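To start, the structure under review is shown below, and the notes come after it.
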Amino acid sequence: MAGVKRSVGLTFSVAVALLIGAPPAISAAAPSLPSSSADAMDVPLDIGPGQATRSVATAYAHAHPGSAPAGSNDFGCAPSAAHPRPVVLAHGTDTEAYADWAALSPALAADGYCVFALNYGGVIKEQDGDVAHETYGVGDIVGSASAFGSFVDQVLTATGADKVDVIGYSQGATVTRYYVNKMGGDAYVDHWVGLASPTYGGVMFGLVPIVRAIPGGEDFVEDVFSRAVREQMQGSDMLNALNDGGDTVTGVRYTTIGSTVDEMIQPSSNIALRDAGAENIVLQDLCPSNLTGHFRMPYDPYVIDVIRTVLDPDAERHATCSAVPLGTDIPQVVIDANS
């Protein structure tokens with residue numbers, strides 16, 4: 001059973017918009033990495049099956065701690081001439097690599113990419129008997145960005161590549177952009193892709209100003225939810241520092257992919273980068289009837305195709321534009337958070 005703090009936190013996130021195919025196998029060994037602090041990370045190596053929905057992926061991840069998305073973390077993978085840069089994936093808040101990437105990772109691997117995914121910002125959050133369950137994406141974002149940079153170093157060393165492409169989902173977009181923009185990652189990243197990126201944070205349907213008007217309100221958010229949630233509120237010190245002087249740096253390609261009906265990032269215009277040269281893709285501009293929101297983005301087949309063609313414009317599309325009703329998958333997200 002999920003802990004009460006996680007259940008309340010994720011349900012609150014949904015309610016008020018706080019950010020938050022292959023058989024099992026073992027990949028080639030990855031370097032040993034720490035996982036004892038909120039800034040630390042680990043590299044999952046027990047390869048789980050591909051999944052078509054977040055709900056099934058989340059259940060599998062909880063039943064199989066330490067699972068890696070299908071197609072990821074093969075440290076013996078040699079980049080091809082067609083796809084010379086490994087793709088490194090960064091998950092969102094209060095989740096892990098498998099739960100967020102169980103659909104996209106195998107799709108990219110099938111396209112011929114070397115794919116890697118870490119778990120960052122991990123802490124022990126619940127204890128079932130003698131079994132400790134770790135959650136990720138809850139530490140401070142600067143620390144998580146540093147950990148992500150260490151992982152990129154490991155990927156470059158293992159593959160012999162000069163640079164990587166990066167895809168960050170939700171908080172993962174901010175973590176990776178902080179690494180690129182503020183920690184020298186621009187030397188090692190060719191293309192940054194932010195999926196449902198909280199580029200300028202969210203006002204949480206008007207609750208952020210209320211929280212800030214209450215003495216100790218932001219501290220309460222951090223204590224009850226996490227440091228990462230606090231740092232993703234619009235106007236946070238962390239986001240102000242990240243975007244100060246411009247939200248991109250020269251020499252890196254930047255793409256955001258967002259939805260006008262994102263449940264977590266309001267207003268949805270806060271997803272877009274504002275510097276000249278950045279590409280900001282809005283799902284509904286491409287497929288107006290697809291009302292996929294925040295949680296469904298990494299599992300929507302059309303969105304996955306958008307990501308694939310952002311990385312490679314010649315990629316063959318597998319999905320067509322089709323209607324997705326507003327709020328699809330949200331009831332199941334709430335059920336899963338309280339199960």
Side-chain angles (χ1 to χ4, degrees), residues 21-22 48-57 69-72 79-80 82-92 97-117 164-170 172-173 176 190-197 199 253-265 268 271-273 278-330 333:
Q51 306 288 2
T53 68
R54 173 177 294 282
S55 179
V56 175
S72 73
S80 66
H83 299 303
R85 294 182 300 277
V87 178
V88 186
L89 308 176
H91 60 76
Y98 186 87
D100 278 353
W101 301 123
L104 180 63
S105 177
L108 295 179
D111 283 343
Y113 293 96
C114 294
V115 182
F116 297 89
V164 300
D165 291 338
V166 168
I167 303 173
Y169 166 60
S170 192
T176 55
D190 182 81
H191 195 173
W192 174 93
V193 180
L195 180 64
S197 171
T199 306
R253 292 180 292 159
Y254 291 83
T255 304
T256 66
I257 304 170
S259 169
T260 59
V261 293
D262 190 300
E263 305 92 355
M264 302 295 102
I265 307 168
S268 64
I271 296 170
L273 292 160
E279 181 182 23
N280 296 302
I281 297 172
V282 178
L283 172 60
Q284 288 73 30
D285 289 345
L286 304 178
C287 183
S289 61
N290 187 332
L291 300 182
T292 286
H294 191 88
F295 289 108
R296 182 181 160 84
M297 290 289 274
Y299 285 90
D300 181 78
Y302 190 86
V303 172
I304 289 173
D305 264 9
V306 172
I307 296 169
R308 292 174 56 248
T309 54
V310 161
L311 293 178
D312 178 6
D314 295 326
E316 180 183 358
R317 283 187 173 270
H318 303 312
T320 59
C321 174
S322 58
V324 176
L326 183 66
T328 295
D329 293 347
I330 290 301
V333 168

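All figures in this text were calculated on a predicted structure; none of them were measured in a lab.
- Residues Val193 and Asp165 have side chains not in contact (no heavy-atom distance under 4.5 Å, counting atoms from C-beta outward).
- Between Ser259 and Gly293, the shortest heavy-atom distance links the atoms OG-CA, 4.4 Å.
- A distance-only check finds a donor-acceptor pair linking the side chain of Asp305 to the backbone of Ala319 [under 3.5 Å].
- Under the 3.5 Å distance criterion, the side-chain polar atoms of Arg54 are left unmatched by any main-chain donor or acceptor of Arg296.
- A heavy-atom distance below 4.5 Å is found between the side chains of Tyr302 and Cys321.
- With contacts defined as side-chain heavy-atom distances shorter than 4.5 Å, the pair Val303/Leu195 qualifies.
- Summarising the geometry of Asn280 relative to Ala272, their closest heavy-atom pair is OD1-CA, 3.4 Å, with the distance given to 0.1 Å.
- Each of Thr255, Leu108, Thr176 was compared with Ile167 under the side chain to side chain contact (heavy atoms under 4.5 Å, CB included) criterion, and only Leu108 meets it.
- Two residues are said to be in side-chain contact when any heavy atoms from C-beta on lie closer than 4.5 Å; Ile257 and Ile307 meet this criterion.
- Between Tyr254 and Trp192, the ring-plane angle classifies as tilted under the 30° and 60° cut-offs.
- Within the 4.5 Å cutoff, no side-chain heavy atoms of Leu291 are placed close to those of Thr328.
- The CZ atom of Arg253 sits 8.5 Å away from atom CG of Leu311, with the distance rounded to the nearest 0.5 Å.
- Within the 4.5 Å cutoff, the side chain of Ile304 has no heavy atoms near those of the His318 side chain.
- Judged by a 6.0 Å distance limit and a 45° cone about the ring axis, Arg85 is not positioned over the six-membered ring of Tyr113.
- Side chains of Ser197 and Thr199: a donor-acceptor N/O pair is present below 3.5 angstrom, by distance only.
- At least one donor-acceptor pair closer than 3.5 Å links the side chain of Gln284 to the backbone N or O of Asn290.
- Side-chain atoms of Asp100 come within 3.5 Å of backbone atoms of Gly92 as a donor-acceptor pair (strictly under, hydrogens ignored).
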With side-chain contact (heavy atoms from CB on, under 4.5 Å) as the test, would you mind laying out the steps for Leu286 and Ile281 before giving the verdict?
-> CA-CA 8 Å; Leu286 304 178; Ile281 297 172; 3.7 Å; yes

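- Residues Leu89 and Ser72 have side chains not in contact (no heavy-atom distance under 4.5 Å, counting atoms from C-beta outward).
- In this structure, Tyr98 and His91 have side chains that are not in contact, with every pair of non-hydrogen atoms separated by 4.5 Å or more.
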